[in-house]
Amino acid sequence: MAEKPLQIPPEFKQRQDGLSWILIITNASIVAASGVVAWHIDEWWAYLIAFVLVGARGQACYILQHEAMHNLLFKNLKTNERVGIVLSAFLGTQFYMGRKMHWNHHTKVGLSDDPNQFFHDVSERPPGMKILGYFLSHLMGGRLISLVKNLFAAVMALLQNNKSSNSVGSSPRLIPPKKARLDLGALVAVQLLMLIGISLASSPLVYVLLYVLPLSTLTAFFELIRSFSEHVLPGEVTCEAEKKRRFFMAAGPVERFFISQFDFHYHHVHHLYPNVVTFKVRALHEWLIQNDPEYTLKYGERPGYIGTAWRYLVNRPFVGCGAGFPS
């Protein structure tokens with residue numbers, strides 16, 4: 001029998017426009033300005049701090065982008081979409097394409113056709129050197145290659161003539177052409193503005209080395225570790241929590257700064273109630289403990305992001321690893 005989530009108070013679903021604007025402006029400003037500030041200080045430690053800050057707050061922007069994909073940032077749906085489009089372009093990604101894939105992830109989580117399977121599938125990445133190489137490839141900028149490939153594929157799809165793309169037997173578009181054009185137009189416009197603005201305030205090198213590079217290395221790595229540790233299941237499913245990938249990530253303050261900002265480590269709450277604002281998942285978690293006698297049976301507690309990834313890397317058991325792991 002399918003689980004029925006408990007009816008929760010409506011305040012957990014209420015958007016907070018003021019808080020959302022503060023978080024967006026603050027984190028985006030840190031990403032955009034850290035390199036410029038470091039350039040004017042012109043000390044090695046300033047460059048290092050800027051690189052790390054851009055990587056960490058870029059991950060925070062990813063989570064804010066995720067909120068926009070769920071229409072959870074603002075009360076007005078159009079504002080959600082417009083901010084989401086700009087945030088995605090700011091990060092070098094495409095909003096409508098990402099939202100379509102993310103919504104599919106929620107409906108197909110734990111299945112072989114989950115579009116996020118790429119990030120946590122370990123069938124070809126056993127513990128040891130292969131999974132280590134996978135993590136390091138993202139840390140070294142491998143994500144940038146996939147972003148460029150996706151951009152090229154999107155451009156080529158738009159350049160196809162309508163007759164060919166709409167003909168009988170042709171593959172359906174993942175998103176409508178109008179939304180694809182908005183994604184690409186925003187991506188080009190925002191990145192061009194960033195290049196011009198950062199260049200005028202400092203140097204084009206800052207745009208490349210202290211904006212694009214940390215986003216495509218550190219941020220990509222943080223996002224990979226987050227997605228991997230929240231969803232990986234190397235063994236066979238033994239319970240509903242494993243099947244639905246519902247895990248509370250016991251993240252410490254360092255992980256919450258770099259990987260799971262805004263209490264995103266309450267990942268099980270998000271999968272149980274995807275229409276609840278991320279800023280309120282901690283409060284909802286505490287409410288459910290008091291009001292749902294079966295709540296603690298619906299999720300498992302994993303040893304944080306690094307702890308989970310490390311245990312898989314060295315072939316050690318962890319909560320929710322499934323039956324048969326380690327073999």
Side-chain angles (χ1 to χ4, degrees), residues 2-9 11-13 56 59-60 62-64 66-67 69-70 72 102 105-111 114 116-117 119-122 221-314 316-323 325:
E3 294 177 310
K4 292 185 178 180
L6 184 71
Q7 193 71 23
I8 62 173
E11 58 260 29
F12 292 115
K13 303 176 185 178
Q59 174 63 3
Y62 260 110
I63 293 178
L64 293 170
H66 165 272
E67 289 296 276
M69 287 178 176
H70 279 276
L72 293 174
H102 187 69
H105 162 66
H106 272 273
T107 60
K108 298 178 179 180
V109 64
L111 303 177
D114 178 354
N116 281 13
Q117 184 78 352
F119 295 107
H120 50 83
D121 177 40
V122 292
F221 176 71
F222 297 148
E223 178 63 12
L224 172 65
I225 292 294
R226 182 199 65 77
S227 184
F228 178 87
S229 296
E230 287 173 349
H231 300 95
V232 66
L233 184 74
E236 297 296 324
V237 171
T238 65
C239 61
E240 191 70 11
E242 291 180 354
K243 181 180 179 181
K244 298 296 185 180
R245 307 301 198 270
R246 293 199 298 254
F247 303 110
F248 167 66
M249 308 302 295
V254 174
E255 288 185 325
R256 294 199 299 271
F257 181 83
F258 289 101
I259 298 174
S260 63
Q261 297 89 347
F262 318 125
D263 289 331
F264 204 75
H265 54 292
Y266 287 85
H267 184 68
H268 63 293
V269 179
H270 176 61
H271 270 278
L272 275 169
Y273 300 95
N275 58 347
V276 167
V277 179
T278 291
F279 314 140
K280 300 182 179 183
V281 289
R282 181 194 293 266
L284 177 56
H285 171 77
E286 294 170 355
W287 185 91
L288 288 167
I289 288 177
Q290 297 297 323
N291 293 277
D292 184 357
E294 299 183 356
Y295 174 58
T296 55
L297 302 176
K298 297 177 182 177
Y299 69 93
E301 181 175 329
R302 282 186 165 173
Y305 293 93
I306 301 301
T308 300
W310 174 254
R311 282 168 174 77
Y312 178 77
L313 174 66
V314 298
R316 300 282 178 82
F318 52 89
V319 172
C321 63
F325 178 86

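For the pair Val277 and Phe12, the minimum side-chain heavy-atom distance is 4.5 Å or more. Side-chain contact between Trp310 and Arg316 is absent, with no heavy-atom pair separated by less than 4.5 Å. When side chains are defined from C-beta on, His271 does not count as touching Lys244, because their heavy atoms never get closer than 4.5 Å. Between Val232 and Phe247, every side-chain heavy-atom pair lies at or beyond the 4.5 Å cut-off. The shortest side-chain heavy-atom distance between Arg246 and His267 does not fall under the 4.5 Å cut-off. The shortest distance between side-chain heavy atoms of Met249 and Glu255 does not fall below 4.5 Å.
Among all heavy-atom pairs drawn from Lys298 and Glu294, the shortest one is CG-O, 3.5 Å.
Between the side chain of His285 and the backbone N or O of Val281 there is no donor-acceptor pair closer than 3.5 Å. Checked by atom type and distance alone, the side chain of Arg226 never pairs as donor or acceptor with a backbone atom of Ser260 at under 3.5 Å. Under the 3.5 Å distance criterion, the side-chain polar atoms of Ser229 are matched with a main-chain donor or acceptor of Tyr305. Under the 3.5 Å distance criterion, the side-chain polar atoms of Thr308 are matched with a main-chain donor or acceptor of Gly304. Listed for the Arg311 side chain is a donor-acceptor partner under 3.5 Å among the backbone atoms of Gly307.
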> Stepwise, does the side-chain contact (heavy atoms from CB on, under 4.5 Å) test hold for His231 with Gln117?
Replying inline: CA-CA 9 Å; His231 300 95; Gln117 184 78 352; over 6 Å; no

> Passes side chain to side chain donor-acceptor pair (under 3.5 Å), Tyr312 versus His120? Steps please.
Replying inline: CA-CA 11 Å; Tyr312 178 77; His120 50 83; over 6 Å; no

>> With side-chain contact (heavy atoms from CB on, under 4.5 Å) as the criterion, how do Thr296 and Phe248 come out once you've worked through the C-alpha distance, each side chain's angles and the decisive distance to 0.1 Å?
In response: CA-CA 10 Å; Thr296 55; Phe248 167 66; over 6 Å; no

> Taking it one step at a time, do Tyr295 and Leu272 satisfy side-chain contact (heavy atoms from CB on, under 4.5 Å)?
Replying inline: CA-CA 10 Å; Tyr295 174 58; Leu272 275 169; 3.9 Å; yes

> Should Glu230 and Arg245 be marked as a side-chain contact (heavy atoms from CB on, under 4.5 Å) after you check the CA-CA gap, both sets of side-chain angles, and the distance that decides it?
Replying inline: CA-CA 7 Å; Glu230 287 173 349; Arg245 307 301 198 270; over 6 Å; no

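Below 30°, between 30° and 60°, or above 60°: for His270 and His102 the angle between ring planes is below 30°, a parallel geometry.
Note that the CD1 atom of Ile306 and the CZ atom of Phe258 stand 10.5 Å from one another [nearest 0.5 Å]. Taking CZ of Phe222 as the start and CD1 of Ile63 as the end, the distance is 11.5 Å to the nearest 0.5 Å. Taking SG of Cys321 as the start and CZ of Arg302 as the end, the distance is 8.0 Å to the nearest 0.5 Å. In this structure, CG on Asp292 lies 12.5 Å from CD on Gln7, to the nearest 0.5 angstrom. Taken to the nearest 0.5 Å, the NZ atom of Lys108 stands 9.0 Å off from the CG atom of Asp114. Taking CD of Glu11 as the start and CH2 of Trp287 as the end, the distance is 9.0 Å to the nearest 0.5 Å.
Under the side-chain hydrogen bond (donor to acceptor under 3.5 Å, both in side chains) criterion, Arg282 pairs with Asp263, Tyr266, sequence neighbours left out. Listed by chain and residue number, His66, Glu67, Phe262, Phe264 satisfy the side-chain contact (heavy atoms from CB on, under 4.5 Å) test with Thr278 (two or more places apart in sequence, or in another chain). Partners of Lys13 under the side-chain contact (heavy atoms from CB on, under 4.5 Å) rule, at least two apart in sequence or in another chain, are Ile8, Arg15, Asn275, Val276.
When only modelled atom types and interatomic distance are considered, Gln59 and Gln261 share no side-chain donor-acceptor pair under 3.5 Å.
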